[in-house]
Trainee: 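Pasting a structure below so you can have a look.
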Amino acid sequence: MSNDDFRAAMSRLAAGVVLVTAREPELADGGPAGEDVGMTATAFMSVSLDPPLVMVSLREGSRMDDLLAEQPLWAVSVLGENQRQIAGRFAMKGRISDRLLFADIPSVRGELSGALLVGGALATLECRTEQSVRAGDHTLVIGRVLSASVPSASAPDADGGPLMYFRGRYRQLG
């Protein structure tokens, strides 16, 4: 089987789109806080209810893979159908600084993880890494969910649909 055959087959599996975020630790005691880092992921899933665990797949050697190997706190924003530009922005190869990518995105800093949570997301989670497993050219990071929230029913886009990835493109349900 070729990589192209495998990629074509897996492109037929629709996946939700999330933004995984983390904050680099300070470089030295009392030094400036580290930079915020983000990456788009489609390989994200719930693993367990008791305890609450989720899993994300990271390309081995990526900036997020390297960061989560040293920093156990991270967050996930489940992107809605109106947040396609955010997903595309953080999925680009050879992209500009993450600081610039976050500049005009409404967000709040997670109280437990210190990571940015995207405003208007369908749901947000703050996590702490429990286990990392090397799997081929990826690292599977299993995180304990420390907090989870959804927007109030009166919030704009609270009932909006999810952003999906199918056959190599971002899509909407319906």
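Along the sequence shown, residues carry numbers from 1.
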Trainee: Salt-bridge test for Arg144 and Glu126: reply yes if a basic N is under 4.0 Å from a carboxylate O, no otherwise.
Mentor: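 Judged by the 4.0 Å cut-off on N to carboxylate O distance, Arg144 and Glu126 do not form a salt bridge.
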
Trainee: Minimum heavy-atom separation for Gly38 to Leu19, with atom names?
Mentor: C-CD1, 4.3 Å

Trainee: Keeping the roles fixed (side chain from Gln83, backbone from Gly119), state whether a donor-acceptor pair exists under 3.5 Å.
Mentor: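 The answer is yes, because a donor-acceptor pair under 3.5 Å joins these two groups.
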
Trainee: Check whether any side-chain N or O of Asp5 sits under 3.5 Å from a backbone N or O of Met1 as a donor-acceptor pair, and report yes or no.
Mentor: no

Trainee: Once rounded to the nearest 0.5 Å, what's the spacing between atom OG of Ser57 and atom CG of Asp65?
Mentor: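 Ser57 OG to Asp65 CG: 9.5 Å, rounded to 0.5 Å.
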
Trainee: Distance check, rounded to the nearest 0.5 Å: Ser113 atom OG versus Gln71 atom CD?
Mentor: 8.0 Å

Trainee: Looking at Leu125 and Ala148, what are the two nearest heavy atoms and their distance?
Mentor: CD2-CB, 3.5 Å

Trainee: Decide if atom CZ of Arg134 counts as having more than 12 heavy atoms of other residues, nucleotides or ligands within a radius under 6.0 Å.
Mentor: yes

Trainee: Is any side-chain heavy atom of Pro25 closer than 4.5 Å to one of Leu67?
Mentor: yes

Trainee: Could you check whether Arg128 pairs with Glu130 (Lys NZ or Arg NE/NH1/NH2 to Asp/Glu carboxylate O, under 4.0 Å)?
Mentor: yes

Trainee: Where is the tightest heavy-atom contact between Gly110 and Leu117, given as atom of each residue plus distance?
Mentor: CA-CD1, 3.8 Å

Trainee: Between the main-chain N or O of Tyr165 and the side-chain N or O of Arg169, is there a donor-acceptor pair closer than 3.5 Å?
Mentor: no

Trainee: Working to the nearest 0.5 angstrom, can you tell me the gap between Arg59 CZ and Met64 CE?
Mentor: 11.5 Å

Trainee: Do Leu53 and Leu140 share a hydrophobic cluster, counting only Ile, Leu, Val, Met, Phe, Trp and Tyr and linking them when any side-chain heavy atoms are less than 4.5 Å apart?
Mentor: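 Shared cluster, yes.
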
Trainee: If you compare all heavy atoms of Leu79 against all heavy atoms of Ala87, which two are closest, and at what distance to 0.1 Å?
Mentor: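 The answer is CD1-CB, 3.8 Å.
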
Trainee: So, Arg7 and Asp4, do they make that salt bridge, N to O below 4.0 Å?
Mentor: yes

Trainee: Specify the closest pair of heavy atoms between Gly114 and Asp36, including all atoms of both residues, with the distance to one decimal.
Mentor: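 Taking Gly114 first and Asp36 second, the nearest heavy atoms are O-OD1, 4.4 Å.
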
Trainee: Calculate, to the nearest 0.5 Å, the distance between atoms CG and SG belonging to Leu146 and Cys127 respectively.
Mentor: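 Answer for the CG-SG pair, Leu146 versus Cys127, is 6.5 Å.
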
Trainee: Under a 3.5 Å distance rule, please check whether Thr129 uses its side chain to pair with a backbone N or O of Gln131 as donor and acceptor.
Mentor: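 Here the side-chain-to-backbone pair does not exist.
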
Trainee: Could you measure the distance from the CH2 atom of Trp74 to the OG1 atom of Thr21? Nearest 0.5 Å is fine.
Mentor: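 Reported to 0.5 Å precision, the distance equals 9.5 Å.
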
Trainee: Do Val118 and Thr124 have side-chain heavy atoms sitting under 4.5 Å apart?
Mentor: no

Trainee: To the closest 0.5 Å, what do you measure between CD (Glu24) and CD (Glu35)?
Mentor: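 If we round to the nearest 0.5 Å, Glu24:CD and Glu35:CD are 5.5 Å apart.
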
Trainee: Can you give me the closest heavy-atom contact between Leu116 and Ala75, atom names plus distance?
Mentor: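 So the two residues come closest at O-CB, 4.3 Å.
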
Trainee: Given the rule that I, L, V, M, F, W and Y join up when any side-chain heavy atoms are under 4.5 Å apart, are Leu73 and Val37 in one cluster?
Mentor: no

Trainee: For Asp98, is there an ion pair with Arg23 - N to carboxylate O distance below 4.0 angstrom?
Mentor: no

